[in-house]
Enquirer: 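Quick one: structure below, then a few questions.
Counting begins at 1 with the first residue of the sequence. Atoms within a ligand are numbered from 1 in the order they appear, just like the ligands themselves.
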Amino acid sequence: MPRSFNFSAGPSVLPVAALERAQRELLDWAGTGTSVMEASHRGKDYEAVHNEAISLMKELIGLPDNYQVLFLQGGASQQFAVVPMNFLSPGQTADYINTGTWAKKAIAEAKLFGTVNVAWGGDKGNATQIPKQADLSLTPGARYVHVTSNNTIEGTQFHAFPDTKGVPIVCDMSSDFLWAPFDPKPFALIYAGAQKNIGPAGVTAVIIRNDLLETAKTDIPTIFKYGTHAKENSLYNTPPCFAIYMVRNVLAVVKETGGLSAMKAYNEKKAGMIYETIDAKPDFFRSPVDRDARSMMNIVFRLPSEELEEKFVAEGKKLKMMGLKGHRSVGGIRVSVYNSCPMEAAEAVTSFMKEFAKAN
Ligand SMILES: *Cc1c(COP(=O)(O)O)cnc(C)c1O
């Protein structure tokens, strides 16, 4: 098998079946004698793929009818700006929970449009914990509350979402979107760059509730209005057709595998065996985050020295394990075990960790 064990944080591993389908269909897709990359986004063949990607996402989540699924460009980083551009005006306050690097970037953009209350985590962002309800200083009547469900760099994850007393929740789910079943109803807007858990880079999934959409500002550029894309079924301008096609392929695999509850069991098993390995050798492996804040997607840990961390990454590479190095801002080791990361990869890295600890 020429495939590596891919633990990259993003872009990240995709299901072999989704890649093979793309390979099979590359020269002649749906009997068109062309690839999806070469076809008009106004054609009925592309439209079928586009709508299938949307309906698969709705079906997997169990999304109520008062939500729309959009496929946008510019990454999750663009959403940091587009959310307040649509929903925050001078004199209004939005609450942001600062759980780390990505949340901080979202905060910086929101400050350009209105008042930001950092409801938890301070200016720096809390890198090792996830707040409990009582820890939050929420603003009554805030425009929205922004949450980062999984902190890709720090390795923390919300396992219960805040009760915002009716204030709309906006959630950056980039690195744990569809990792497990969830109740969409508390969320007014969800966004997720595809390249972590549901596809390749180039498309960002947005789920928006109609009541929030109706309150969007109108004095902003057409291309940045959620309403533009909602009205045109994300076909206002040329969408990233191939990326959306790949999202379709990935979601079809997720559905075949048993949907989000099967995903959850699979992900918990993978993450569980790696955390167990960390906990079994506390004098060698150290998890820097609170136990109840641990991410099921990005598992971050330290070794006794930076030299050993470098050695771990280098030896892993020889075993065809890629992407083990922690984010450049925090160092250490990061093992990303997204939906599409196979069980064999989690097993391989746990055996490697055990052997490495013994030998060093
Ligand atoms: C990767 C990531 C982003 C940034 O995504 P881009 O698509 O590169 O803009 C934002 N938020 C989270 C939680 C991420 O993991």
Enquirer: Any donor-acceptor pair under 3.5 Å linking the side-chain atoms of Asn298 with those of Ser336?
Expert: yes
Enquirer: Compute whether any side-chain donor of one residue and acceptor of the other, for Thr156 and Gln129, lie under 3.5 angstrom apart.
Expert: no
Enquirer: Just to be sure I understand the cut-off, which residues have at least one non-hydrogen atom under 4.0 angstrom from an atom of ligand 1?
Expert: Gly75, Ala76, Ser77, Phe80, Trp102, Thr148, Asn150, Thr152, Asp172, Ser174, Ser175, Gln195, Lys196
Enquirer: Indicate whether the side chain of Asp45 and that of Thr32 have a donor and an acceptor atom separated by less than 3.5 Å.
Expert: no
Enquirer: Are Phe352 and Phe5 close enough that their ring centers fall under 6.0 Å?
Expert: no
Enquirer: Verify the distance criterion only: is there a donor paired with an acceptor across the side chains of Asp211 and Asn66 at less than 3.5 Å?
Expert: no
Enquirer: Whether the side chain of Tyr266 engages the backbone of Met343 through a donor-acceptor N/O pair (distance < 3.5 Å, no angle test) should be reported.
Expert: yes
